[in-house]
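One structure is given below, encoded as structure tokens.
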Amino acid sequence: MPPKRKTSGTSRGFTTEPIAPAQRPDDRPVEAAKGRLQTSALLTTAQGVRLPDTDHSLKAGPRGPSLMDDFHLREKITHFDHERIPERVVHARGAAAHGTFTAYGNAASATKAGFLQRGRETPVFVRFSTVLGSRGSADTVRDVRGFAVKFYTDEGNFDLVGNNMPVFFIQDGIKFPDVIHAAKPHPDREIPQAQSAHDTFWDFVSLHTEATHHVMWAMSDRGIPRSFRTMEGFGVHTFRLVSADGETCLVKFHWKPIAGVHSLVWEEAQIAAGVDPDFHRRDLADGIDAGAPFEYELGLQIMPDSVDQTFEGLDLLDPTKIVPEELCEVQLVGKLTLDRNPTNYFAETEQVAFHTGNLVPGIEVTDDPLMQARLFSYLDTQLTRLGGPNFTQLPINCPHAAVNDNLRDGMHQTAVPHGVAPYLPNSLGQEGEPVPAEASEGAFVHVPREVSGPKVRESPASFSDHFSQATLFWASMTEVERSHIIEAFTFELGKCFEQPIRERMLGVLANVDTDLCSAVAKGLGLAAPGGAPTAAAVTSPALSQIITVPGPIAGRVIGVVAADGADLAGINKLRRAVEAQGAVLRLLAPAGGTIKTARSTQTVERTLLTSRSIEYDALVVAAGNPDLKNIKLTVLLGELFRHCKVIGAWGNGDQVLTAAGIDTTAPGILLAESMAKPYTTELFAAIGCHRVWERAELGMAE
Ligand code: HDD
């Protein structure tokens with residue numbers, strides 16, 4: 001019997017006190033963000049007892065033993081001992097930001113989801129991550145990047161827990177522990193950290209050929225993004241959208257970065273892993289602080305909800321397959337802007353809990369067997385990681401929609417529920433008691449779908465095509481990108497010790513493309529096996545990330561090399577132009593302090609000792625110090641040159657380039673008489689193309 005609908009109460013109130021608004025992430029004022037306890041102006045214990053001293057333990061005399069009496073010492077040390085929680089079993093290293101999603105409204109006919117209705121603004125929290133490394137590992141390792149978005153919608157939280165690659169290693173979630181065991185460090189010595197370049201990973205991949213398409217992405221430049229700002233994101237699985245009148249369609253989610261899709265080169269990634277392991281995390285926080293938000297558009301590939309759930313012959317339930325954009329357009333339906341850094345890493349970035357089952361009316365999952373296993377895993381893992389079932393009460397996980405559940409008790413319960421009958425129906429009918437919602441009141445009502453079939457442990461026959469899209473990916477790459485893929489496979493397999501694993505993997509590559517296989521085999525000094533690659537029927541140019549039309553340069557870093565006597569007026573002019581683009585100029589000099597001329601002074605932001613080339617998207621030598629010569633500067637410029645980055649100079653700055661051995665006639669070396677508008681226009685256009693790939697094509701670089 002449905003419970004009675006009651007609006008007014010009886011003598012004993014019965015409500016679950018909704019989480020206080022001040023605890024919610026969007027409207028959390030500074031006070032609440034600091035946490036419940038941080039309200040006293042004076043130092044206290046956790047119990048609120050004021051403390052006179054926190055530097056000396058209570059002892060029997062200055063040289064005597066510490067006393068059990070010292071409640072402050074015991075509380076302080078005990079709390080410290082328990083500061084860490086288990087890191088995520090995968091995606092342990094991450095960085096996050098707050099922001100807003102604004103819907104364009106053109107998805108409204110496909111889904112009733114409120115946050116996709118025209119003009120609707122929804123607060124979001126986005127966590128980017130690497131998959132394999134521990135919490136303290138380096139950002140720039142070759143790996144998949146997580147791209148997890150929590151939408152705090154009016155209808156409840158919706159989590160889009162995606163990656164920066166549109167396909168996955170495996171087709172069935174039951175293999176997830178296996179692929180992760182294979183990819184994580186070896187269990188005996190716990191090495192290598194945050195790397196896929198080792199035997200067990202390639203053993204798994206070569207034995208589970210469904211991973212082939214995925215490793216093509218991972219070995220491509222997508223595995224080493226330049227910035228979270230320059231990564232695409234993908235929901236990977238096919239989802240089902242439900243419209244207001246009950247019509248359904250199948251959909252793939254995409255995030256398209258406004259800044260374009262750009263990557264590091266492998267040597268940069270390796271240098272950064274040592275020189276600045278926080279490279280991506282720093283870039284995210286600094287970029288937001290500098291007023292250059294991270295921006296993406298949400299795209300949908302909308303396909304008919306057919307009985308067999310295929311599109312143009314592609315099985316939409318197979319997470320190792322993409323739907324090429326050329327076959328189904330990505331329609332842009334809203335904009336994501338990340339513009340606020342977290343206040344506290346642990347409280348927000350570490351404690352945020354995503355779950356693929358956090359859905360809102362209008363968005364449902366499909367029967368993709370990878371997704372089905374995920375629906376179990378995410379909630380389950382938080383019980384260990386966050387210590388119990390009440391993690392939704394943590395401010396970062398707390399919905400912004402009103403909550404009235406009948407969930408009670410458990411570890412870390414912070415709500416104080418009222419009433420005596422937390423069950424439905426009940427005959428006590430008290431004020432605030434929840435009643436089930438009607439569909440017209442926004443209830444999540446699953447689309448009724450027939451489900452039938454024999455109980456079997458099998459995959460559909462369509463899942464056995466493991467190579468055609470790996471070949472499509474390879475065929476869609478430019479020459480430069482292909483050379484990077486060859487190098488990556490050769491590097492990774494070159495780090496394997498077991499010859500049979502290398503040979504088996506070459507056998508896999510032989511089924512993708514003969515040239516790829518023979519180039520990798522050559523690099524390994526092995527014979528290329530024969531295979532049976534099917535020629536790619538079509539290519540998908542959208543998969544390539546090499547561009548010739550300049551994109552925006554917001555968030556890019558331009559270094560300017562100078563010393564005392566440099567053209568400071570020119571530097572100022574350049575700085576103003578750079579900042580107008582949302583980019584950053586960093587003044588780099590042989591020593592710290594200031595650079596002086598007779599008329600002005602500028603503060604040095606980096607020295608040759610504290611700087612490496614990975615920090616800069618371009619480096620320009622100012623006029624005024626033609627004699628500047630320094631081995632560190634030579635290395636810096638040499639790396640920028642080899643990594644196909646823009647290098648420039650004005651006035652007599654070109655003499656510094658020549659002294660450092662830079663061929664000033666090479667592509668992407670931009671020289672000017674003086675710092676003026678035509679030069680900055682040329683400079684920004686070159687940086688907007690990300691790299692000067694002609695240098696690689698001419699064999700001058702990389
Ligand atoms: Fe997962 C975390 C993305 C398959 C089990 N996953 C996690 C995160 C991302 C993804 C971005 C980090 C979330 C955060 O920042 O907190 N995972 C994916 C994608 C997948 C995928 C795009 C395939 C399309 N995952 C997958 C499978 C399983 C899991 C098949 C298990 C059956 N994933 C987990 C997990 C994690 C997780 C163990 C670890 C920490 C967490 O959930 O909260 O439950």
Side-chain angles (χ1 to χ4, degrees), residues 85-98 124-135 139 143-151 157 159-184 208 210-211 213-214 217-218 222 225 228 231-239 252-255 280-281 284 316-322 338 342 345-358 365-387 391-392 394 396-397:
I85 59 172
E87 66 175 33
R88 287 168 175 81
V89 58
V90 284
H91 296 266
R93 179 162 180 88
H98 293 273
V124 295
F125 188 67
V126 178
R127 182 173 180 273
F128 302 105
S129 48
T130 49
V131 178
L132 294 179
S134 295
R135 251 190 79 181
D139 281 345
D143 197 355
V144 181
R145 299 298 184 288
F147 193 133
V149 183
K150 188 177 284 293
F151 297 82
N157 286 355
D159 292 354
L160 186 54
V161 196
N163 279 342
N164 76 329
M165 296 177 193
V167 288
F168 206 63
F169 304 93
I170 48 168
Q171 294 165 316
D172 187 325
I174 198 168
K175 288 189 188 184
F176 190 66
D178 305 318
V179 66
I180 298 304
H181 288 168
K184 282 272 189 178
H208 296 258
E210 71 207 59
H213 187 196
H214 181 92
W217 282 80
R222 305 274 181 152
F228 298 137
M231 282 185 344
E232 281 184 298
F234 302 90
V236 180
H237 311 278
T238 303
F239 291 75
K252 290 220 180 246
F253 288 104
H254 295 244
W255 290 111
H280 287 144
R281 183 181 282 202
L284 175 66
L316 296 178
L317 301 189
D318 179 352
T320 66
K321 302 289 188 308
I322 59 164
L338 301 180
Y345 185 88
F346 181 83
E348 303 178 88
T349 311
E350 192 60 11
Q351 292 201 115
V352 65
F354 293 93
H355 175 26
T356 46
N358 287 350
V365 296
T366 57
D367 300 333
D368 171 342
L370 189 72
M371 171 53 106
Q372 293 289 319
R374 295 180 76 190
L375 291 171
F376 169 73
S377 184
Y378 286 76
L379 205 52
D380 180 52
T381 202
Q382 315 305 350
L383 301 180
T384 301
R385 198 171 73 80
L386 298 172
F391 58 86
T392 51
L394 294 167
I396 196 65
N397 296 322

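What you see is a predicted model, and the numbers here were worked out from it, not measured in a lab. Both ligands and their constituent atoms are indexed starting at 1 by order of listing. Each residue takes its place number in the sequence, starting with 1.
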* **Nearest protein heavy atom with distance in Å, relative to atom 11 (C) of ligand 1** => G162 O, 3.3 Å
* L370 backbone acceptor or donor facing D368 side chain under 3.5 Å -> yes
* Taking only residues two or more places apart in sequence or in another chain, which ones pass side chain to side chain contact (heavy atoms under 4.5 Å, CB included) with K184? -> I180
* Asked: Taking atom types as modelled and ignoring hydrogens, do the side chains of R127 and H91 form a donor-acceptor contact shorter than 3.5 angstrom?
  -> no
* What about the rings of F147 and F128, do their centers lie closer together than 6.0 Å? -> yes
* Structure fact -> Counting from 1 in the order shown, the ligand 1 atoms closer than 4.0 Å to a non-hydrogen atom of L370 are 23 (C), 24 (C), 30 (C)
* To do: Report, as a single number, the protein N, O or S atoms less than 2.8 Å from atom 1 (Fe) of ligand 1.
  => 1
* To do: Check each heavy atom of H237 against ligand 1 and say whether those closer than 4.0 Å belong to the side chain, the backbone, both or neither.
  => side chain
* Asked: Regarding H98 and E348, is there a side-chain donor-to-acceptor distance under 3.5 Å anywhere?
  -> yes
* Would you indicate whether F376, at its atom CZ, is surrounded by more than 12 heavy atoms from other residues, nucleotides or ligands within a distance under 6.0 Å? => no
* All side chain to side chain contact (heavy atoms under 4.5 Å, CB included) counterparts of A183, not counting sequence neighbours -> L132, F201
* **Taking atom 41 (C) of ligand 1 as the reference point, the nearest protein heavy atom with its distance** => T381 CG2, 3.5 Å
* Output all residues satisfying side chain to side chain contact (heavy atoms under 4.5 Å, CB included) with Q351, sequence neighbours left out; order by chain, then residue number. => F346, A347, L386, L394, I396
* Ignoring hydrogens and angles, tell me if any N or O in the side chain of Q372 forms a donor-acceptor pair with the backbone of T366 under 3.5 Å. => yes
* Asked: Atoms of ligand 1 less than 4.0 Å from F354 heavy atoms?
  -> 13 (C), 14 (C), 15 (O), 16 (O)
* Atoms of ligand 1, numbered as shown, that sit under 4.0 Å from any heavy atom of R88 -> 14 (C), 16 (O), 40 (C)
* Is P319 in contact with ligand 1, taking contact as a heavy-atom separation below 4.0 Å? -> no
* Nearest protein heavy-atom contact for atom 15 (O) of ligand 1: which residue, which atom, what distance? -> R127 NH1, 2.7 Å
* **Protein contact to atom 38 (C) of ligand 1 [nearest heavy atom, distance to 0.1 Å]** => V89 CG1, 3.4 Å
* Do me a favour and list the nearest non-hydrogen protein atom to atom 23 (C) of ligand 1 with residue, atom name and distance? => F168 CD1, 3.3 Å
* Can you tell me if Q382 has a non-hydrogen atom under 4.0 Å from ligand 1? -> yes
* Structure fact -> When every non-hydrogen atom of N358 is compared with those of K150, the smallest separation belongs to ND2-NZ, 3.9 Å
* Measure the spacing between CZ of F176 and NE2 of H181 and express it to the nearest 0.5 Å. => 10.0 Å
* Give the contacting part of N163 toward ligand 1: side chain, backbone, both or neither, where contact means a heavy-atom distance below 4.0 Å. => both
* N/O of S129 under 3.5 Å from N/O of ligand 1, yes or no? -> no
* Can you establish whether the number of heavy atoms outside I174 located under 6.0 Å from its atom CD1 is more than 12? => no
